[in-house]
There are 2 protein chains.
Amino acid sequence: MLTTAPPTERDQFSPGTRQLLDRASAYCAAHAGRLTETRRLVLGLITEASKPVGAYDILDHLRSFQKNAAPPTVYRALDFLLAQGLIHRIERLTAFVGCAHRLDCTHEGGCGHRAQFLICSVCGTVSELEEPGIARAIHDAAKAIGFRPSHATVEIEGVCAQCQTR
Amino acid sequence: MLTTAPPTERDQFSPGTRQLLDRASAYCAAHAGRLTETRRLVLGLITEASKPVGAYDILDHLRSFQKNAAPPTVYRALDFLLAQGLIHRIERLTAFVGCAHRLDCTHEGGCGHRAQFLICSVCGTVSELEEPGIARAIHDAAKAIGFRPSHATVEIEGVCAQCQTR
DNA sequence: CGCCTTTAGTTATATTATAACGACGGACAG
DNA sequence: CTGTCCGTCGTTATAATATAACTAAAGGCG
């Protein structure tokens with residue numbers, strides 16, 4: 001009798017995504033982390049989405065690979081990916097996006113805490129900025145009043161260029 | 001027979017808070033809004049707290065005034081106060097703080113969307129900045145890529161001056 | 001007053017996130 | 001080899017935050 005095997009990432013993820021996952025796996029290995037099967041699937045699902053995805057959206061999709069996935073399954077993977085800097089949490093949306101720069105970032109630990117996000121309120125897409133001027137303005141303002149910043153959340157809501165022309 | 005009356009704001013709020021509430025009431029009246037009893041209590045509770053407060057913390061305290069308060073009671077008041085610009089929501093904390101500047105702000109609608117917040121991870125206090133340099137850096141960066149911003153969330157986590165010296 | 005709009009009460013439920021505990025598995029020292 | 005440790009995962013339950021939907025009351029205004 002033929003039992004139906006659950007789908008693998010090969011069936012669902014684009015070649016581009018799988019390549020990114022391979023690079024992420026190497027990145028983790030180089031930073032004392034393991035991109036396990038579950039973590040890889042979660043990162044893949046986030047990467048394939050064109051918009052931020054909520055934890056329970058991820059859970060729904062993850063269940064097509066692992067029928068017994070539960071909330072802690074997803075949240076544990078998300079915690080790991082956040083710690084590695086491979087994804088970001090968008091606070092205003094309570095949702096997650098892949099990090100556009102982490103794998104290309106040459107300066108250790110230098111990318112995650114400086115990113116800014118542009119949220120289009122029409123199409124819902126989020127794009128990531130790395131604008132030194134913003135980071136500097138924040139740093140300077142904090143320094144001027146004796147505050148020592150460790151991380152800044154910058155989320156800019158508005159209408160993206162594409163949606164303005166429609 | 002003597003029935004015990006529920007406490008009024010007079011019993012709980014400091015004179016300074018009550019004065020602020022009176023000013024807020026006038027502010028609302030001038031902007032086609034009514035600072036009703038419930039809204040006034042919620043704003044008072046937020047104002048008295050030295051730190052950001054969660055919606056359910058507010059609910060707990062509100063119940064000492066109104067025994068039948070429920071989640072929608074609080075969320076409706078919060079929605080109103082946010083719309084008036086009298087409080088802010090701190091996304092990273094899922095909590096609310098009073099607006100330090102709204103009542104003193106002379107330019108209509110000009111204060112709310114430019115504020116930045118400093119969150120001390122040691123003592124938990126949040127202070128509000130209004131630093132034109134940050135707002136300008138954000139505006140310029142967005143403009144450069146054709147994005148039209150409507151609102152920017154800037155939340156800076158770190159250690160405040162006071163906590164650094166301890 | 002009578003009408004209309006805003007506000008509030010009430011119940012139920014949706015959405016997001018974590019606690020707690022046991023099991024499994026690989027790495028590594030002895 | 002084998003026992004131990006640590007990181008990961010499965011599982012169940014529950015906490016914390018937020019909203020839907022409907023009804024009723026209260027206030028402004030002709």
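Throughout, protein chains are lettered first and strands after them, A, B, ... in sequence-line order, and every chain is numbered starting at 1.
- Atom CG of A:Asp57 and atom C1' of C:dA14 are 13 Å apart (whole Å).
- Rounded to whole Å, the distance from CZ on A:Phe80 to P on D:dG7 is 13 Å.
- Phosphate contact (OP1/OP2 of D:dC9, side-chain N/O of A:Thr36, threshold under 4.0 Å): present.
- Positionally, the nearest nucleotide of DNA chain C for B:Glu37 lies more toward the 5' end than for the other of B:Glu37 and B:Pro71.
- One can place CG of B:Leu59 at 15 Å from P of C:dA8, the figure rounded to the nearest angstrom.
- Going from atom CG of A:Asp79 over to atom P of C:dT16 covers 16 Å, rounded to whole Å.
- Which of C:dA8, D:dT17, C:dT10 sits closest to the side chain of B:Thr94 comes down to D:dT17.
- For B:Ser121 and B:Glu157, the side-chain atoms include no donor-acceptor pair closer than 3.5 Å.
- If you take CG of A:Leu93 and C1' of D:dA18, they are 16 Å apart, rounded to a whole angstrom.
- Residue-nucleotide stacking is present for B:Tyr56 and D:dT17, judged by a side-chain ring centre under 5.5 Å from the six-membered base ring centre and planes under 30° apart.
- In terms of position on DNA chain C, the residue among B:Ala70 and B:Ala32 whose nearest nucleotide sits closer to the 5' end is B:Ala32.
- What separates CD of B:Gln66 from P of C:dA8 is a distance of 9 Å, to the nearest Å.
- A donor-acceptor contact shorter than 3.5 Å is absent between the side chain of B:Thr125 and the backbone of B:Lys51.
- Applying the 3.5 Å distance criterion, the base of C:dG26 shares no donor-acceptor pair with the side chain of A:Arg34.
- Spacing between atom CZ of B:Arg39 and atom P of D:dA26 amounts to 16 Å, rounded to whole angstrom units.
- By the rule that hydrophobic residues join a cluster once side-chain heavy atoms approach within less than 4.5 Å of another member, A:Leu93 and B:Leu93 end up as members of separate clusters.
- The base of D:dG7 does not come close enough to the side chain of A:Arg76 for any donor and acceptor atom to sit less than 3.5 Å apart.
- As rounded to whole Å, 11 Å separates atom P of D:dT19 from atom CG of B:Leu82.
- Checking the phosphate oxygens (OP1, OP2) of C:dA17, a side-chain nitrogen or oxygen of A:Tyr75 falls inside 4.0 Å.
- B:Gln116 CD to B:Ser127 OG: the interatomic distance, rounded to the nearest 0.5 Å, is 11.0 Å.
- Distance OG1/A:Thr73 to CD/A:Gln66: 7.0 Å, rounded to 0.5 Å.
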